[in-house]
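Everything below concerns the one structure shown next.
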Amino acid sequence: MTVFKSIHATIAAAIDDLQKSGALTLSGPVPNFTAEPPREAGHGDVATNVAMVLTKLAGEPPRAVAEIIKTKLTALPTIAAVEIAGPGFINLRLDPKIWYAEMQEILNAGIRYGESAMGGREKVNVEFVSANPTGPMHAGHVRGAVLGDSLSNLLAKAGYDVTREYYFNDAGAQVDVLARTTHLRYRETLGEVIDEIPEGLYPGEYLKDVGAALAQRDGRKWLGKPESEWLAPIRQFAVDYMMKMIREDLELIGIKHDVFSNERELIENGTLEKAFKILEDKDLIYVGTLPPPKGKEMENWEPVPLTLFRSSKFGDSTDRPLKNREGRWTYLMPDIAYHYEMIRRGFLYMINVLGTDHGGYQERMRPSIAAFSDGKARLDVIFNNIVKVFRNGEPVKLSKRSGNLITLREMVEQVGAGAVRFFMLTRTPDSELDFDFAKVVEQTRDNPVFYVQYAHARCCSIMRHAAEMFTPAELSPKSLATVDVSSLNSAEELTLIKFLANWPRVVEAAAAAREPHRIAFYLMELAAVFHSLWHKGNDNASLRFIVPGDKNLTRTRLVLIKCVQTVIASGLAVMGCEPVEEMRSDKPAAA
């Protein structure tokens, strides 16, 4: 239980006692109230709105209710001071022993500190990356990949049962283009001179390897054969080859999906028909016409009969066509079938991570999900904006069609996997992100990757120097957890301790909001608080963490260092970044 949940429970118990004693009379059950850090540190450790939410039930003004509650809270040993502010907020200052006890929790839990049972082991499917298999992972894919994987880590830490899924379209026109380009490169490998790549095919050099691999496997088998014979087998070969490449690329930044699924399989195994039949049996399918698109002037527009899904029954702005006038599936049906399949596999909570070019996707999918699950399943869609790549301030244009790619592999080779992952979470997903190779490896406080990793490396450096004064057993987390830390009572030390104790609350809040970037923001703030305390030791030797000649004080301060190191490592684990133990000018900040 976090400090703030504990205080919340303390307040609830105090209200219950006040009701039993007759000091507070309520006309109904206690509604939800908050107990959280105040917006300004000067207002104390915990702020609660409990008096304000009870005012109607008590029939008293908020400040009057607050005064009654104050009398009870003031008498508690865990509460050092109680203040009433504004219209009836109650600000609490906690006994420092509360914070010292949390340091023991950090040391005992290690990087598992912050784990929560909030999710209740609910099954959640996180579908992310899901790039079509027509090329290697490049800068345009990386942000969604990191966002989805970090979100999965975050939800797992918050107590959810997470499945990572990659769903790709291998049934569309793009994979036919891939097959034709592979066939071209295959012929080139076997001696045909290819001057220019024909319009409409992929020009990327990476497809030479695919053609060469096909030639090695099949020899001259497909030379001179009509497209009708080679298109399907070469398409499957190219898709398999590209998916193997994509898996390997993702593993460079530590991403491994639990499930890979594809559109062609859904089509071939009849899932689209099964999903459609369910909607039909629920009387949600009919043949009708739609009005012309709003806001568009269309000459010679005529209504045509379409097979429609009654999605408006579930809050959609219009019914959606599932078959066109010729009776063929519309683009919507495979995605509807895919989510039906996830529900059939037992997922009542699904999260899709998509680019901003998929706007409106959530609204289009939710009606069918509600229909399949009788309203029990839910879908969240997280949209991530574009990444603009720079080299020393100069923009690099990306285009798979032109073959001008900055690949994921290239990014990792230049700045390190951890730096790539961390930097992708330094902005909210809906905002554009500038990724400059030079900036990412800068060793300055303006580079958040470096600043956070430097804080962890400094902690490791202190612990290495401490090994000259103490035995390994004395520096173990188990041993440090027994140290009396009551001398850590300066304002700066307590500020840092309180910030560390807020980590479990940050985890739960970020998981509830589905916002893993909050973890990066927290670590950046934590690093700033720690570095500030470090610099005070530069100005005053008595404030340094290692004090020669005073083993007791040094060991006490090492408890704080070990806690900082542990919480940073815990946060980096959620982000999928390896914590750095030593920093050198020739080493990436988060390799």
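Atoms considered below: every heavy atom in the structure, side chains included; atoms not considered: hydrogens, waters and symmetry mates. Remember, predicted model here, so these are calculated numbers, not experimental data.
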Is it the case that atom CZ in Arg112 sees more than 12 heavy atoms from other parts of the structure closer than 6.0 Å?
no
Any side-chain donor-acceptor pair under 3.5 Å between Arg264 and Asn269?
no
Within the side chain of Asn447, is there an N or O that forms a donor-acceptor pair under 3.5 Å with the backbone of Val440?
yes
So Phe435 and Phe437, ring pair (Phe, Tyr, Trp, His ring centres under 6.0 Å) or not? Walk me through it.
CA-CA 6 Å; Phe435 185 96; Phe437 283 98; 5.4 Å; yes
Quick test of your reading of the model: are Arg164 and Glu127 salt-bridged, counting only N-O distances below 4.0 Å?
no
For the pair Asp316 (side chain) and Ser311 (backbone), establish whether a donor and an acceptor sit closer than 3.5 Å, ignoring hydrogens and angles.
no
Between Trp230 and His183 (judged by ring centroids, cut-off 6.0 Å), do the two rings come close enough to count as a pair?
yes
Modelled atom types, side-chain donor and acceptor of Asn385 and Glu432, under 3.5 Å:
no
What is the distance from atom OG of Ser130 to atom CG of Asn352, rounded to the nearest 0.5 Å?
8.0 Å
Assign the ring pair Tyr361 / His339 to parallel, tilted or perpendicular, where the plane angle (0 to 90°) is split at 30° and 60°.
tilted
What one should report as the nearest heavy-atom pair of Pro203 and Ile197 is CA-CG1, 4.0 Å
Output yes when Asp436 and Arg391 qualify as a salt bridge under the 4.0 Å nitrogen-oxygen rule, no when they do not.
no
Which residues pass the ring-ring contact (aromatic ring centres under 6.0 Å, His included) test with Tyr522, not counting sequence neighbours?
Phe499, Trp503
Rounded to the nearest 0.5 angstrom, the CZ-CD1 distance for Arg143 and Ile386 is 9.0 Å
Tell me the closest heavy-atom pair linking Val507 and Gly114, and the distance in Å.
CG1-O, 3.6 Å
About how many Å separate OG of Ser116 and CD of Glu508, when rounded to the nearest 0.5 Å?
3.5 Å
Quick one: does any side-chain atom of Glu122 pair with a main-chain N or O of Tyr160 as donor and acceptor, under 3.5 Å?
no
Least distance between heavy atoms, Phe347 atom then Lys123 atom:
CE2-CE, 3.8 Å
Can you tell me how far apart OH (Tyr331) and CD (Glu263) are? Round to the nearest 0.5 Å.
13.0 Å
Please work out which of the three classes, parallel, tilted or perpendicular, describes the rings of Tyr166 and Phe168, given edges at 30° and 60°.
perpendicular
Taking Glu280 for its side chain and Ile285 for its backbone only, find out whether a donor-acceptor pair lies under 3.5 Å.
no
Table please: side-chain donor-acceptor pairs of residues 366-373 below 3.5 Å, with sequence neighbours left out.
from: Arg366; atom 1: NE; to: Leu379; atom 2: O; distance (Å): 3.1
from: Arg366; atom 1: NH2; to: Leu379; atom 2: O; distance (Å): 3.1
from: Ser368; atom 1: OG; to: Met365; atom 2: O; distance (Å): 3.0
from: Ser373; atom 1: OG; to: Ile369; atom 2: O; distance (Å): 2.8
from: Ser373; atom 1: OG; to: Lys376; atom 2: N; distance (Å): 3.2
from: Ser373; atom 1: OG; to: Ala377; atom 2: N; distance (Å): 2.9

Between Asp319 and Ser312: side-chain donor-acceptor atoms closer than 3.5 Å
yes
Face-on cation placement of Arg505 at Phe4 ring, 6.0 Å and 45° thresholds
yes
Separation between CZ (Arg345) and CE (Met350), nearest 0.5 Å, reads 10.0 Å
Please check: side-chain N/O of Asp149 versus main-chain N/O of Ala145, any donor-acceptor pairing under 3.5 Å?
no
Under a plain distance cut-off of 3.5 Å, with no hydrogens placed, do Asp430 and Thr428 share a side-chain donor-acceptor pair?
yes
Counting N and O atoms only, with roles assigned by atom type, does the side chain of Asp249 sit under 3.5 Å from a partner on the main chain of Pro136, one being a donor and the other an acceptor?
no
For the student: nearest non-hydrogen atoms of Gly576 and Asn153, plus distance:
N-ND2, 4.0 Å
Across all chains, not counting sequence neighbours, the ring-ring contact (aromatic ring centres under 6.0 Å, His included) partners of His456 are none
Output for pair (Phe276 CZ, Glu273 CD), nearest 0.5 Å, gives 9.5 Å
Please confirm whether the backbone N or O of Tyr113 pairs with a side-chain atom of Lys157, one donor and one acceptor, at under 3.5 Å?
yes
For the backbone of Arg121 and the side chain of Asp161, can you confirm whether one donor and one acceptor N or O come within less than 3.5 Å of each other?
no
Does the Tyr202 side chain pair with the main chain of Gly135, one donor and one acceptor, at a distance under 3.5 Å?
no
Taking Cys577's backbone N and O only, do any of them form a donor-acceptor pair with Arg421's side chain (distance below 3.5 Å, no angle check)?
no
